[in-house]
Asker: 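Quick one: structure below, then a few questions.
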Amino acid sequence: MKGFLIAVIFLVIGGIAGGLLALGTGAGLGAAGGLIVGSQAGVCFAMETAKNDGLLTAEQVDKIIVDTVSTIRGKSSAGAAKDIEWIGSEKDCADMVAKMEAESAKSLK
C-alpha cells in the first residue's frame, strides 16, 4: 500500500511538473499540453514504482498505462492533444522519460 501511495504522488507531481516545464521553458505545447505530458510522465513513474515494489507484473503495468492514457486522452481537448506523443507501453514510458531528461539537461545549460 505504501508503494501505491508513492505511485499516486508521482502521478500528481508529474502533472504539476509537466505544466511548470511547459510554462517555464516555452516548449510550445502550452499549459494544457504540458499537463498532458506531465500526467503521462506521472503515470510512467507511478507504474515503475508499483512494479519495483512488486505490486504489479509487466503485463499489468502495460494494461494500466494503456487504460490510464486512454482516460487522459478522453479528458483532453483536441487542440491541446493534437501534437502530443502518446504512450502505450512501459517501453514508451522509458523513451518519454529519457527524452524529458535530455530536454531538461539542455534547458539547464
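Fair warning: this is a prediction, and the values are worked out from it, not measured in the lab. Every heavy atom of this structure was used, including side-chain atoms; hydrogens, water molecules and symmetry mates were not.
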Asker: So which atom in Cys44 and which in Val97 form the shortest heavy-atom distance, rounded to 0.1 Å?
Answerer: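 Taking every non-hydrogen atom into account, CB-CG2, 4.5 Å.
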Asker: Using modelled atom types only, decide if a donor and an acceptor are shared between the side chain of Gln40 and the backbone of Ile87 within a distance under 3.5 Å.
Answerer: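 Present.
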Asker: Could you see if Val43 belongs to whatever hydrophobic cluster contains Val66? Use Ile, Leu, Val, Met, Phe, Trp, Tyr and a side-chain cutoff under 4.5 Å.
Answerer: no
Asker: Considering residues at least two apart in sequence or located in another chain, which fulfil the side chain to side chain donor-acceptor pair (under 3.5 Å) criterion with Lys75?
Answerer: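 Side chain to side chain donor-acceptor pair (under 3.5 Å) check on Lys75 returns nothing, list empty.
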Asker: How would you list, by chain and number, every residue that makes a salt bridge (charged side-chain N to carboxylate O under 4.0 Å, His left out) with Glu85, sequence neighbours excluded?
Answerer: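 With sequence neighbours excluded, Glu85 shows a salt bridge (charged side-chain N to carboxylate O under 4.0 Å, His left out) to Lys99, given in chain and number order.
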Asker: Could you pull out all residues at least two apart from Leu56 that satisfy side chain to side chain contact (heavy atoms under 4.5 Å, CB included)?
Answerer: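 Met47, Ala50, Gln60, Val61, Ile64.
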Asker: Mind listing the closest non-hydrogen atom pair of Asp92 and Trp86 along with its distance?
Answerer: OD2-O, 4.4 Å
Asker: Can you check side chain to side chain contact (heavy atoms under 4.5 Å, CB included) on Ile65 and Ser89, steps first, answer last?
Answerer: CA-CA 6 Å; Ile65 288 171; Ser89 68; 5.9 Å; no
Asker: Who passes side chain to side chain donor-acceptor pair (under 3.5 Å) against Asn52, sequence neighbours left out?
Answerer: none
Asker: Of all residues at least two apart in sequence or in a different chain, which pass the side chain to side chain donor-acceptor pair (under 3.5 Å) check with Glu101?
Answerer: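 Residues passing side chain to side chain donor-acceptor pair (under 3.5 Å) with Glu101: none at all.
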Asker: Tell me, please, which residues at least two apart from Glu90 pass side chain to side chain donor-acceptor pair (under 3.5 Å).
Answerer: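 Testing Glu90 for side chain to side chain donor-acceptor pair (under 3.5 Å), a comparison that skips the adjacent residues, returns Lys51.
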